[in-house]
Amino acid sequence: MIIYFSIYCFLGYLMESSYVSLLSRRVISSGLFKGPFIPLYGFGACLLIVLSPYLKNSFLLSFFIGGIAMTLLEYLASHYIEKSFQTKCWDYSKHHFHYQGRICLFYFLIWCFLSLCFIQYIHPFFVSLHLINDTNCLIALIYLSFLLKAYIDRLQIKKIDGLDIH
């Protein structure tokens with residue numbers, strides 16, 4: 001799971017940075033942390049991996065249950081990020097059918113489509129590569145150490161910003 005978490009944090013970073021860059025018409029490095037990873041995608045992928053035995057035989061279930069699970073994760077992540085880092089990473093309040101600006105129908109449908117693709121095609125492809133070996137585990141652990149360092153740095157910046165230094 002560590003290897004898959006690492007891979008999908010990185011792939012999520014590439015996907016989101018490409019999407020945001022295309023919308024902005026300039027290169028943007030997405031994410032809360034500095035570095036090529038967005039943990040939300042890693043956690044989401046792990047959640048879908050856990051759910052996939054129950055969903056993989058049905059495109060409809062992969063689509064809707066996957067989308068619901070990812071939207072719920074996005075909602076909870078929004079709360080966590082705002083509480084932990086006093087920052088808002090996304091705001092969907094300008095989209096139709098949003099809830100508290102944290103989730104909306106448009107991105108729910110995107111999560112549905114991505115969940116279907118992930119469960120039916122993307123993850124089975126990575127499983128077929130037989131990535132579980134000692135070298136990949138070591139690389140994944142190193143990658144996770146960078147992720148942990150970025151998280152700690154972000155918390156320290158938040159703590160320093162919160163101090164009233166005169």
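Computed from a prediction, not measured in an experiment: that's the story for all the values here.
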- prompt: Would a 4.5 Å heavy-atom cut-off, applied to side chains only, mark F97 and C104 as touching?
  reply: no
task: Please examine the side chains of Y75 and Q100, heavy atoms only from C-beta on, and report whether any two atoms are closer than 4.5 Å.
output: yes
For the atom pair [atom1] ([X]) and [atom2] ([Y]), what is the distance rounded to the nearest 0.5 Å?
{"X": "L47", "Y": "F118", "atom1": "CG", "atom2": "CZ", "result": "9.5 Å"}
{"X": "S115", "Y": "W111", "atom1": "OG", "atom2": "CH2", "result": "7.5 Å"}
{"X": "I139", "Y": "L144", "atom1": "CD1", "atom2": "CG", "result": "12.0 Å"}
{"X": "R102", "Y": "E74", "atom1": "CZ", "atom2": "CD", "result": "10.5 Å"}
{"X": "I122", "Y": "L114", "atom1": "CD1", "atom2": "CG", "result": "7.0 Å"}
{"X": "I49", "Y": "M1", "atom1": "CD1", "atom2": "CE", "result": "5.0 Å"}

Candidates N57, I119, L48, L51 - the one meeting side-chain contact (heavy atoms from CB on, under 4.5 Å) with S62: I119
- line: Result for side-chain contact (heavy atoms from CB on, under 4.5 Å) between T71 and one of I110, L109, L76, I103 points to I103
Single-linkage hydrophobic cluster, 4.5 Å side-chain cutoff, [X] and [Y] together:
{"X": "M15", "Y": "L116", "answer": "no"}
{"X": "L22", "Y": "V27", "answer": "no"}
{"X": "I38", "Y": "F10", "answer": "yes"}
{"X": "I65", "Y": "L72", "answer": "no"}
{"X": "I142", "Y": "Y4", "answer": "yes"}

message: Before you tell me yes or no, could you show the steps for F108 and I68 under side-chain contact (heavy atoms from CB on, under 4.5 Å), namely the whole-Å CA-CA distance, both residues' side-chain angles and the distance that decides it to 0.1 Å?
response: CA-CA 7 Å; F108 165 71; I68 290 167; 3.8 Å; yes
query: Under 3.5 Å, side chain of S21 to main-chain N/O of S18, donor-acceptor pair present?
result: no
query: Hey, would you say the F43 and F5 ring centroids sit under 6.0 Å apart?
result: yes
field: Ring centers of H98, Y107 separated by less than 6.0 Å
entry: no
Just checking [X]: does its [atom1] atom have more than 12 heavy atoms from other residues, nucleotides or ligands closer to it than 6.0 angstrom?
{"X": "Y99", "atom1": "OH", "result": "no"}
{"X": "F126", "atom1": "CZ", "result": "yes"}
{"X": "I2", "atom1": "CD1", "result": "no"}

task: Would you name the heavy atoms of S17 and S30 that are closest together and state the gap between them?
output: OG-N, 2.9 Å
- line: On a heavy-atom basis, the closest approach of C9 and P39 is SG-CA, 3.6 Å
task: Walk me through it: do K56 and L61 pass the test side-chain contact (heavy atoms from CB on, under 4.5 Å)?
output: CA-CA 8 Å; K56 68 181 176 185; L61 284 177; over 6 Å; no
- prompt: Does the side-chain contact (heavy atoms from CB on, under 4.5 Å) test come out yes or no for H96 and L105, once each step is laid out?
  reply: CA-CA 7 Å; H96 295 291; L105 179 62; over 6 Å; no
- request: Could you please spell out the steps behind the side-chain contact (heavy atoms from CB on, under 4.5 Å) verdict for I81 and W90?
  value: CA-CA 10 Å; I81 290 167; W90 60 87; 4.1 Å; yes
- request: Verify whether one side chain among S29 and Y13 offers a donor that lies under 3.5 Å from an acceptor in the other.
  value: yes
- prompt: Does the side chain of Y8 pick up a donor-acceptor pair with the side chain of H123 at under 3.5 Å?
  reply: yes
